[in-house]
Each structure stands twice: as structure tokens, then as C-alpha cells.
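Please read the structure below before turning to the comments.
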Amino acid sequence: MMAASKPVEPQSGSGLPRWQLALLVGTPIVLGVGAVYLWNRSRGKEKQGKRNGERKTPEGSASPVQGQHGATNPELENMSPLDRAQSAKNKGNKYFKAGKYEQAIQCYTEAISLCPKEQKGDLSTFYQNRAAAYEQQLKWTEVIQDCSQAVELNPCYVKALFRRAKALEKLGNKKECLEDVTAVCILEVFQNQQSMLLADKVLKQLGKEKAKEKYKNREPLMPSPQFIKSYFSSFTDDIISQPLQKGEKKDEDKDKEGEASEVTGSSGYLKAKQYMEEENYDKIISECTKEIESGGRYTAKALLLRATFYLLIGNATAAQPDLDRVINMDDASVKLRANALIKRGSMYMQQQQPQLSTQDFNMAAEIDPRNADVYHHRGQLKILLDQVEEAVGDFDECIKLRPDSALAQAQKCFALYRQAYTGNNPSQVQKAMDGFEDVIRRFPKCAEGYALYAQALTDQQQFGKADEMYDKCIELEPDNATTYVHKGLLQLQWKQDLEMGLELISKAIEIDNKCDFAYETMGTIEVQRGNLDMAIDMFNKAINLAKSEMEMAHLYSLCDAAYAQTEVAKKYGLKPPTL
């Protein structure tokens with residue numbers, strides 16, 4: 001579902017994976033809908049060039065080293081045990097470079113046996129070099145054993161930690177791999193591409209595995225009334241969300257003043273609609289089921305309404321058969337079938353099946369070409385797929401059909417802005433900003449227009465004006481928790497005002513204790529403050545509220561990143577800088 005309360009974001013919109021927020025980049029970070037903002041991005045960049053290469057070679061020169069008294073072939077009996085060990089290592093390095101790994105291993109083994117135990121630095125290097133040779137032979141267990149010896153002797157040994165991480169990944173030990181690669185990321189100030197990519201890969205795998213299991217067994221959870229109303233407000237041609245039509249209400253119900261008393265009459269669908277008006281959402285699915293099982297006259301509408309609420313509680317498995325039935329009902333109205341296609345298309349997008357999603361939206365446009373909702377929601381899909389020009393075309397079609405559609409106008413501006421911003425086109429950026437000004441002038445009651453404009457202003461570092469736009473949003477929609485989260489994040493980026501930022505995000509949770517975005521953001525900030533246990537608690541709350549398996553996988557990635565950091569702190573005493 002693409003609810004209007006949380007503007008869509010291009011998948012490639014940010015330059016960094018969002019898990020980095022929870023691994024901490026060593027500088028304050030603020031997550032906005034359009035991008036990830038970092039201060040002091042250049043930190044450590046002077047080291048980046050030499051760090052981006054993959055570590056394949058053993059350490060130490062293959063030529064004589066200090067302590068060998070300058071002799072290329074000294075008599076072994078005249079050398080100290082350490083010098084003899086170094087000589088064996090140098091011989092091993094020559095074999096390694098020649099691709100003769102078995103001989104290299106024998107030399108490194110000799111170096112280990114000759115090296116005095118108190119020479120921990122040298123001994124750790126010999127173990128790490130032997131691990132490098134085992135790695136070339138794909139002997140992952142031996143790699144792990146030797147790297148562990150090296151790390152025991154030298155706990156902050158980056159090469160050994162990273163080599164062990166890669167071997168652990170090969171053996172499927174993702175949790176231990178993540179701990180090692182987290183330590184490497186912290187030691188290298190998040191500047192090495194190889195370790196960053198491995199961390200990202202493992203976190204995504206862990207997130208997907210955990211989310212699949214959790215989502216399958218999760219308890220269905222009804223979102224907040226504010227979220228539900230915001231979701232339905234993104235449709236203008238949705239028959240099931242319209243108020244009860246004239247003649248549908250019974251006379252005896254008309255004098256009820258919003259009380260959740262029993263609605264008379266035999267139609268489960270009409271009762272469900274009455275409950276919907278009263279915001280008594282928990283009873284809707286069961287009343288729709290009664291209508292469907294009795295084969296009532298409103299069966300098609302009941303199927304669509306039930307499917308919609310199954311989607312809202314995150315039960316796509318139950319929603320799909322209902323949507324399929326409505327789509328294949330020849331006697332159902334075109335509007336109902338098109339609405340079902342939009343919702344199934346959005347569901348497919350959440351399941352990361354963009355091809356099926358696109359097919360459904362295209363079919364909806366074929367059967368109901370004058371339905372503005374089709375183009376509005378397909379436009380959002382195109383933004384997610386980073387197909388901005390096609391998105392703008394869809395928003396234009398929506399606006400042509402419904403010139404008063406403020407939401408489509410605002411989202412078109414945002415799409416044009418993202419295209420200009422990521423393409424580094426200042427004149428087009430300014431044109432898009434002027435477009436936002438026009439939208440808020442023509443549609444002063446559209447909170448989404450102010451919210452999207454605020455995000456663009458934040459990108460442009462026009463913080464004061466962005467703050468004003470969020471205030472306008474709050475004035476129009478005081479119960480929209482998401483706006484408070486964005487305003488809180490703005491305070492962190494603009495004024496580095498942690499107290500105000502946390503206060504606003506706490507206010508969001510107070511308004512809507514089911515706002516997963518607020519808990520996620522709070523967790524992110526707590527990581528940066530060094531409060532890892534509190535962060536993990538916040539991420540877990542967000543996980544329990546996630547509306548799709550994809551969202552849940554992302555949140556597990558954040559939580560696992562924070563947990564890995566607690567383990568690294570315990571094992572190695574490594575902690576990134578905090579706010």
C-alpha cells in the first residue's frame with residue numbers, strides 16, 4: 001500500500017545503505033525521506049583510496065627485513081629466533097606470490113613455530129599470512145582458526161578480522177561474520193568499500209531470513225485511525241471508502257450520534273460501512289465475511305473492503321484471494337475492479353515483484369482509463385522504480401482528469417525535484433522549487449504539499465523555511481505523527497538540537513503509538529548516542545508494527561547492526577564516536 005502519509009522514496013535516492021545509520025558512521029546522521037544526510041562526509045577520505053582494494057596478499061616484504069643485519073643469505077645459526085621466523089615468512093611470501101600455496105603454508109608454519117611467544121605482533125602476522133594461503137585453497141575452517149589466533153594476539157587486527165568475516169560468511173555463520181565486519185567498519189571509520197559491501201550483504205540476508213519467519217507468525221495488527229484515514233485519502237474513486245449512500249442507511253440508525261451501538265439490518269457490508277464511519281475498524285473484516293458467506297447483494301464490495309483491511313493489518317496472504325475474485329468478476333463494476341487492481345499492484349510492489357505490479361496498474365488503466373487513482377498510484381510506483389519521467393507523465397494524466405488533485409500536483413513536483421537534485425541540475429531544481437510554491441499557493445489546505453516541499457528545502461539546506469512548512473503541516477493535520485518525526489530530524493540537522501529532536505519524536509509516539517517510523521528514528525538516534533540497548537528496544541517495537549515483510553526485513557537489519565555493535569564493544573572495547 002502506498003499511503004499518502006509517508007511519501008515515496010526512490011530506492012537509489014540515498015548514497016548510503018540505511019543500515020549504516022544503526023552501525024553509526026562516526027558523525028551525526030539524519031534520515032530524511034529523500035536522502036541520508038551526513039555532516040563531515042570527508043572524514044577519513046584521505047585514507048579511502050588505499051583502503052578500497054581487496055585484501056589478498058600476505059603481509060611483510062618478500063625481501064630481507066630489519067634485524068637480518070643486511071645479509072641476504074645469513075647462516076641460520078647466527079640469527080636470532082625472531083630473525084629466523086622472519087626469514088621463513090619471507091620465503092613463504094615468495095611462494096605465495098608465485099601461487100605455490102602449499103609451500104607457503106609450510107613456511108608460515110615454520111615461522112609460527114620459530115617465533116618467540118612474547119613477539120605477539122609478529123606471531124599474529126604469521127598466522128594471518130597462513131590464513132591468506134588457506135583462503136586461496138578455499139579451506140574456510142583453517143582460515144577461521146588462524147585468523148582467530150591472529151586476533152587473539154592482536155585484537156584490532158583489521159586484515160585478520162576481515163578475512164575471518166569472509167570465511168564465516170562462506171560457511172553460513174552470518175551472526176559471527178556480522179560481528180567481525182562491524183569491528184572492521186568501525187576500525188576503518190566506514191571508509192572501505194569491501195567491508196561495507198559485506199556488512200550490507202549480510203545484514204540484508206539476516207533481515208530477510210528473520211522477517212520471513214516473523215512475518216509468517218505475526219499477530220495481525222490494526223494501524224492507527226490516522227494511518228487508515230490517510231491511506232483512504234489517497235484514493236478519490238474508491239467506492240468502498242465513500243460514506244453510506246442515500247438509501248443505504250436505515251432510519252433508526254440516522255439518529256445515532258457516532259455511538260458504536262449495534263447496527264440493525266441483515267447486510268454485513270452495510271454494518272461494516274457503518275463501523276467504518278464510526279472508526280470501529282476491528283469489526284469490519286468479520287462483518288464483510290458475513291456478507292460474503294451469505295452471498296449478499298454487496299458481495300463484490302465486501303470482498304474489496306475485506307481485502308483492503310487485510311492489507312492494512314499486513315495480511316497480504318488473506319487479501320490476495322479476495323482481490324483476485326473481484327478482479328475476475330465480470331458483473332462487478334469497472335471502478336471496483338480497477339480499485340482492486342491498484343491495491344493488488346501496490347501489494348506486489350511491497351513484495352518486491354515490480355513486474356506483476358506494473359501489469360496490474362497497466363490493466364487498471366486499460367479497463368478504466370479515466371480513473372485518476374490509477375495514474376496517481378502508478379506514478380508513485382514509477383518513482384519507487386526510479387522511472388521519474390514516466391511518473392511525471394502519470395501525475396500529469398491524474399491532474400488532467402482531476403485538476404483539483406493537490407496530492408498529485410505535490411508529488412509531481414517532488415518527482416521533478418528528485419530528478420533535478422540527483423542529476424545535479426540547479427536550474428531544474430529551482431524550477432521544481434517554484435513549482436512547490438505554486439502548489440502551496442493554489443492548495444493551501446494540502447498538508448502533503450507542505451511536507452514534500454519541506455523535504456526539498458531540507459535538501460537545499462533552507463532549514464528555517466523547511467521548519468515553517470512542517471509547522472503548516474502540523475496546523476492542518478495535528479494528528480499526523482510522521483510530520484513530528486520529520487520536524488524532529490530537521491532540528492538535529494539544522495541546530496544539532498538533540499533535546500528538541502527527541503521531544504518531537506516522543507510527541508509523535510504520544511500521538512500515534514503505532515507509528516513504526518517514529519520508533520525506527522528514535523532507535524537510530526539512540527545508536528548515535530551510544531544507548532544501544534535502548535536502540536534495540538526501539539527497533540523491536542518498530543518490527544512488531546511493520547506493515548510488510550520488506551519493511552520488517554529493513555528494521556531487522558538496523559536491529560542486527562546495533563546488536564552486533566554491542567557484541568563488538570564487549571569483545572574488543574570498540575565504540576564509534578557518539579553524539
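Keep in mind that this is a model prediction, so the values were computed, not measured.
Using a 3.5 Å distance cut-off with no hydrogens or angles, the side chains of Gln86 and Asp122 do pair a donor with an acceptor. Gln351 and Gln353 share a donor-acceptor pair across their side chains, judged by distance under 3.5 Å alone.
Aromatic ring centres of Phe539 and His554: separated by at least 6.0 Å.
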### Verdict with supporting geometry, Tyr108 and Asn93, side-chain hydrogen bond (donor to acceptor under 3.5 Å, both in side chains)
CA-CA 9 Å; Tyr108 296 140; Asn93 287 358; 2.6 Å; yes
### salt bridge (charged side-chain N to carboxylate O under 4.0 Å, His left out) evaluation trace for Lys210 with Glu213
CA-CA 5 Å; Lys210 290 183 178 181; Glu213 191 59 33; over 6 Å; no
### Task
Would you sort out whether Ser346 and Phe361 count as a side-chain contact (heavy atoms from CB on, under 4.5 Å), showing the intermediate values?
CA-CA 9 Å; Ser346 297; Phe361 278 108; 3.7 Å; yes
### Query
Between Gln419 and Glu389, is a side-chain contact (heavy atoms from CB on, under 4.5 Å) present by the stated rule, with each step listed?
CA-CA 9 Å; Gln419 186 182 41; Glu389 282 181 32; 3.6 Å; yes
### Query
Does the pair Leu161 and Cys147 meet the rule for a side-chain contact (heavy atoms from CB on, under 4.5 Å), with working shown?
CA-CA 7 Å; Leu161 284 164; Cys147 286; over 6 Å; no
### Query
Hey, mind stepping through Leu206 and Tyr556 against side-chain contact (heavy atoms from CB on, under 4.5 Å) and telling me if it holds?
CA-CA 8 Å; Leu206 280 169; Tyr556 267 120; over 6 Å; no
### Task
Take Tyr95 and Tyr101 through the ring pair (Phe, Tyr, Trp, His ring centres under 6.0 Å) test and state the conclusion after the steps.
CA-CA 7 Å; Tyr95 281 127; Tyr101 302 116; over 10 Å; no
### Query
Should Asp360 and Lys343 be marked as a salt bridge (charged side-chain N to carboxylate O under 4.0 Å, His left out) after you check the CA-CA gap, both sets of side-chain angles, and the distance that decides it?
CA-CA 9 Å; Asp360 273 0; Lys343 287 169 180 169; over 6 Å; no
### Message
Between Ser195 and Glu188, is the side-chain hydrogen bond (donor to acceptor under 3.5 Å, both in side chains) condition met? List the steps.
### Response
CA-CA 9 Å; Ser195 47; Glu188 296 188 321; 3.3 Å; yes
### Query
How far apart are the C-alpha atoms of Gln320 and Tyr348, what are their side-chain angles, what is the distance that settles it, and do they pass the side-chain hydrogen bond (donor to acceptor under 3.5 Å, both in side chains) test?
CA-CA 10 Å; Gln320 184 157 353; Tyr348 282 141; 3.1 Å; yes
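Residue Lys175 places its NZ atom among more than 12 non-hydrogen atoms of other residues, nucleotides or ligands, all under 6.0 Å distant. Counted within 6.0 Å of CD on Glu118, heavy atoms from surrounding residues, nucleotides or ligands total more than 12; the atom is thus considered enclosed. Atom CD of Gln137 has more than 12 neighbouring heavy atoms from other residues, nucleotides or ligands inside a 6.0 Å radius.
Lys212 has no carboxylate O lying under 4.0 Å from a charged side-chain N of Glu209, or vice versa, which leaves the two without a salt bridge. Of the charged side-chain nitrogens involved, none lies within less than 4.0 Å of a carboxylate oxygen, so that Lys174 and Glu169 do not count as a salt-bridged pair. Look at Lys507 and Glu503 and you find no salt bridge, because none of the NZ, NE, NH1 or NH2 atoms lies under 4.0 Å from a carboxylate O. Taking 4.0 Å as the cut-off between side-chain N and carboxylate O, Arg418 and Asp459 count as a salt-bridged pair. The existence of a salt bridge linking Glu135 and Lys166 is confirmed by a sub-4.0 Å separation between a basic side-chain nitrogen and an acidic carboxylate oxygen.
Between the side chain of Lys514 and the backbone N or O of Met222 there is at least one donor-acceptor pair closer than 3.5 Å. Remark: the backbone N or O of Leu203 is paired with a side-chain donor or acceptor of Ser557 at under 3.5 angstrom. For Asn531 (side chain) and Met534 (main-chain N/O), no donor-acceptor pair under 3.5 Å exists by modelled atom type. Side chain of Thr358 to backbone of Pro354: a donor-acceptor contact under 3.5 angstrom is found. Between the Tyr519 side chain and the Asn513 main chain, a donor and an acceptor come within less than 3.5 Å of each other. Not one N or O on the side chain of Asp537 forms a donor-acceptor pair closer than 3.5 Å with the backbone of Asp533. Listed for the Gln461 side chain is no donor-acceptor partner under 3.5 Å among the backbone atoms of Thr458. Judged purely by atom type and a 3.5 angstrom limit, Arg344 has no side-chain atom pairing as donor or acceptor with the backbone of Ala319. Proximity of a side-chain donor or acceptor of Asp497 to a complementary backbone N or O of Met500 within less than 3.5 Å is detected. A donor-acceptor contact shorter than 3.5 Å links the side chain of Gln191 to the backbone of Val189.
The shortest distance between side-chain heavy atoms of Ser230 and Asn480 does not fall below 4.5 Å. Counting only heavy atoms from C-beta outward, the side chains of Met552 and Arg218 approach each other to under 4.5 Å. Under the 4.5 Å side-chain criterion, counting only non-hydrogen atoms from C-beta, Val151 is not in contact with Tyr127.
Qualifying side-chain hydrogen bond (donor to acceptor under 3.5 Å, both in side chains) partners for Gln491, counting only residues two or more places apart in sequence or in other chains: Asp467. Applying the side-chain hydrogen bond (donor to acceptor under 3.5 Å, both in side chains) criterion to Asn362, with sequence neighbours excluded, gives Arg378. Residues passing the salt bridge (charged side-chain N to carboxylate O under 4.0 Å, His left out) test with Lys208, sequence neighbours excluded: none.
Tyr417 and Phe414 have tilted rings, their planes meeting at an angle from 30° to 60° on a 0 to 90° scale. Classification of the Phe517-His486 ring pair by plane angle, with boundaries at 30° and 60°, yields tilted.
Atom-to-atom distance recorded for Thr483:OG1 and Leu490:CG is 12.5 Å, nearest 0.5 angstrom. With values rounded to the nearest 0.5 angstrom, Leu187 atom CG is found 5.0 Å from Cys156 atom SG. Residue Glu551 holds its CD atom at 5.5 Å from CG of Asp516, rounded to the nearest 0.5 Å. Rounding to the nearest 0.5 Å places CE of Met538 at 7.0 Å from CD of Glu526. Here CD1 of Ile144 is found 12.0 Å from NZ of Lys170. Values are rounded to the nearest 0.5 Å. The line from CD of Glu520 to SG of Cys515 is 9.5 Å long, rounded to the nearest 0.5 Å.
Shown here for Ser357 and Gly345, the closest heavy-atom pair between the two residues is OG-O, 2.7 Å. Contact record, Arg130 with Ile112: CZ-CD1, 3.7 Å, taken as the closest heavy-atom pair. Heavy atoms only, all atoms of each residue included: Ile383 and Ala415 are closest at CD1-CB, 3.8 Å. Ala432 approaches Cys413 most closely through the heavy-atom pair CB-O, 4.1 Å. Scanning all heavy atoms of the two residues, the minimum distance from Ala104 to Gly92 falls at CB-O, 3.4 Å.
Taking the ring centre of Phe227 as origin, the terminal cationic atom of Lys547 falls inside the region bounded by 6.0 Å and 45° from the ring axis.
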